[in-house]
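Notes to accompany the following structure.
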2 protein chains.
Amino acid sequence: MKTKPLQPTEAELDVLRILWEHGPSTVRFVHERLRRHKDVGYTTTLKIMQIMTDKGMLERDTRRRQHVYATLYQESETQQMLLDRLLESAFGGSAAKLVMQALDPQRTSPAELRQIRRLLDDMEKERS
Amino acid sequence: MKTKPLQPTEAELDVLRILWEHGPSTVRFVHERLRRHKDVGYTTTLKIMQIMTDKGMLERDTRRRQHVYATLYQESETQQMLLDRLLESAFGGSAAKLVMQALDPQRTSPAELRQIRRLLDDMEKERS
DNA sequence: TTCTAACTACGAAAGCTTTCGTATTTTCAT
DNA sequence: ATGAAAATACGAAAGCTTTCGTAGTTAGAA
């Protein structure tokens with residue numbers, strides 16, 4: 001039985017995003033990506049990824065010298081977990097409240113709005 | 001000029017939720033509420049609220065012996081900030097992706113879905 | 001007035017995250 | 001084979017959050 005995905009910290013999420021986007025990667029690769037947005041030392045990145053492995057967030061293939069790390073939880077799974085947490089901690093559990101805040105017309109494009117509307121239509125259909 | 005609302009921690013959010021719901025309150029009151037969900041000492045609650053005041057999240061009226069604390073940031077303001085952070089850190093900035101995750105049919109009631117649909121309708125109207 | 005209950009102030013421990021320096025190991029080109 | 005480059009391992013410092021114990025203060029009842 002698979003346990004629930006753990007709460008990633010901010011630095012851990014930075015790593016996860018890169019792994020989700022690019023698939024299994026070396027520390028060097030992840031680090032280079034991180035450096036685009038953040039000035040941090042190589043051993044810091046290494047340590048974070050080692051800790052994540054200890055925590056059971058990542059697995060690694062140590063057959064080669066450059067260890068290859070992979071995520072143990074799907075992106076959607078983790079997103080759902082973070083969303084649930086925010087929902088509980090800040091929106092009193094109301095998804096509608098959260099969604100309405102998120103759909104700030106200033107920031108949401110018409111295309112995205114259409115996409116969401118389609119989703120609602122689909123859900124309506126499946127319900128009947 | 002008003003500065004941006006600060007990042008509340010988990011324990012700080014617990015306090016904020018109570019203050020948002022009930023308005024300016026004493027430590028005693030907040031603490032009693034917290035105790036419903038969490039076993040924690042009185043001085044812990046006090047300390048958290050004092051720290052929040054130092055950070056500029058709360059203000060307090062010390063004229064009476066029982067200090068009365070009030071939030072310095074609106075609920076919606078803080079929710080938006082937390083949402084933006086989640087959006088960036090876990091959803092690549094796509095509100096649509098976030099909303100579709102949030103609208104898990106398993107958990108979202110038909111009433112809430114109707115509410116969101118209405119919101120979309122209103123936004124459509126205002127856009128034209 | 002005096003004692004007690006309840007409050008605030010303060011400091012510090014414990015736990016977690018983030019960071020990096022140093023040591024060790026491995027690979028590969030020369 | 002040997003040295004340089006690059007990787008991993010490890011430990012520990014620094015910073016933040018959370019927690020609580022203790023001390024000092026104030027208000028109000030007896």
Side-chain angles (χ1 to χ4, degrees), chain A residues 4-19 24-70 78 81-82 85-86 88-90, chain B residues 5-19 24-70 78 81-82 85-86 89-90:
Chain A
K4 274 188 291 187
L6 305 168
Q7 289 279 356
T9 67
E10 205 64 32
E12 287 167 354
L13 256 181
D14 289 342
V15 171
L16 286 175
R17 273 206 309 282
I18 292 167
L19 290 178
S25 310
T26 62
V27 175
R28 176 60 60 190
F29 178 83
V30 170
H31 180 63
E32 294 303 329
R33 284 279 165 160
L34 280 183
R35 285 294 293 261
R36 294 184 181 180
H37 298 293
K38 198 180 178 187
D39 190 20
V40 76
Y42 175 83
T43 55
T44 301
T45 304
L46 171 65
K47 183 68 163 185
I48 294 284
M49 292 175 75
Q50 287 173 339
I51 289 172
M52 291 171 78
T53 306
D54 290 344
K55 286 186 182 174
M57 288 177 178
L58 302 182
E59 65 181 354
R60 66 177 165 181
D61 180 343
T62 61
R63 283 174 303 181
R64 298 206 201 161
R65 185 159 89 105
Q66 288 200 150
H67 297 176
V68 174
Y69 290 77
T78 305
M81 188 267 302
L82 292 169
R85 183 159 63 110
L86 184 64
E88 282 312 310
S89 71
Chain B
L6 304 168
Q7 288 280 357
T9 66
E10 205 64 33
E12 287 167 354
L13 256 181
D14 289 341
V15 171
L16 285 176
R17 275 205 307 281
I18 292 167
L19 291 177
S25 310
T26 63
V27 175
R28 176 60 60 190
F29 178 82
V30 171
H31 180 64
E32 294 303 331
R33 284 280 166 161
L34 280 184
R35 285 293 294 261
R36 294 185 180 179
H37 299 291
K38 198 181 178 187
D39 189 21
V40 76
Y42 175 84
T43 56
T44 300
T45 304
L46 171 65
K47 183 67 162 185
I48 294 284
M49 294 175 76
Q50 286 172 337
I51 289 173
M52 292 172 78
T53 306
D54 290 344
K55 286 186 183 176
M57 286 177 179
L58 302 182
E59 65 182 354
R60 66 175 165 183
D61 180 344
T62 61
R63 283 174 301 183
R64 299 207 200 161
R65 186 158 90 103
Q66 290 202 148
H67 296 176
V68 174
Y69 289 76
T78 304
M81 189 267 303
L82 292 169
R85 183 158 65 109
L86 185 64
S89 72

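Everything numeric here is computed off the predicted structure, so don't read it as measured data.
Note on B:Thr43: a base of the nucleic acid sits closer than 4.0 angstrom, heavy atoms only. Looking at heavy-atom distances under 4.0 Å, A:Arg64 makes no contact with the nucleic acid at all.
Nucleotide D:dC16 holds its C1' atom 10 Å from the CD atom of B:Glu12, rounded to whole Å. Separating the CZ atom of B:Arg60 from the C1' atom of C:dC7 is a distance of 12 Å, rounded to the nearest angstrom. The distance from atom CD of A:Gln66 to atom C1' of D:dA5 is 12 Å, rounded to the nearest whole Å. In this structure, OH of B:Tyr42 is placed 16 Å from P of C:dA5, rounded to the nearest angstrom. A:His31 has its NE2 atom 12 Å from the C1' atom of C:dT19, to the nearest Å. Taking atom CZ of residue A:Arg28 and atom C1' of nucleotide D:dT8, one finds them 12 Å apart after rounding to whole Å. Per the geometry, NZ belonging to B:Lys38 stands 14 Å off P belonging to D:dT17, to the nearest Å. The interatomic distance linking B:Asp54 (CG) with C:dA9 (C1') rounds to 11 Å, in whole Å.
A:Thr45 has its side chain within reach of A:Met49: a pair of non-hydrogen atoms, C-beta onward, lies under 4.5 Å apart. With contacts defined as side-chain heavy-atom distances shorter than 4.5 Å, the pair A:Asp14/A:Val30 does not qualify. Taking the side chain as every heavy atom from C-beta outward, B:Leu46 and B:His31 never approach each other to under 4.5 Å. For the pair A:Glu10 and B:Arg85, the minimum side-chain heavy-atom distance is below 4.5 Å. In this structure, the side chains of A:Tyr69 and A:Gln50 come closer than 4.5 Å at one or more pairs of heavy atoms.
Of the two residues near DNA chain D, B:Gln7 and A:Gln50, the one whose nearest nucleotide lies more 5' is A:Gln50. Between A:Arg63 and A:Thr9, the one whose closest nucleotide on DNA chain C sits nearer the 5' end is A:Thr9.
When distances are taken from the side chain of B:Ala11 to each of D:dT18, C:dT8, C:dT27, the shortest belongs to D:dT18. Closest contact between the side chain of B:His67 and the listed nucleotides C:dT17, C:dA9, D:dT8 involves C:dA9. Of the candidate nucleotides C:dA12, C:dT19, C:dA9, C:dT19 has the atom lying nearest to any side-chain atom of A:Val40. Side-chain atoms of A:Glu10 lie closest to C:dT18 of the nucleotides C:dT8, C:dT18, D:dA7. Across D:dA7, D:dT8, D:dA12, the shortest atom-to-atom separation from the side chain of A:Arg65 is found for D:dA7.
The two residues A:Ile18 and A:Arg33 come nearest to each other via the heavy atoms CD1-CB, 3.5 Å.
Interatomic distance, A:Gln66 CD to A:Thr26 OG1, rounded to the nearest 0.5 Å: 5.0 Å.
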Problem set entry | B:Glu12 and B:Val15: CA distance, side-chain angles, deciding distance, side-chain contact (heavy atoms from CB on, under 4.5 Å) verdict | CA-CA 5 Å; B:Glu12 287 167 354; B:Val15 171; 5.7 Å; no
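In the helix from C:dT1-D:dA30 to C:dT30-D:dA1, the end axes, each obtained as the rotation axis mapping the C1' atoms of four pairs onto the next four within a five-pair block, lie 10° apart to the nearest 10 degrees.
OP1 or OP2 of C:dT17 has at least one side-chain nitrogen or oxygen of A:Lys55 nearer than 4.0 Å.
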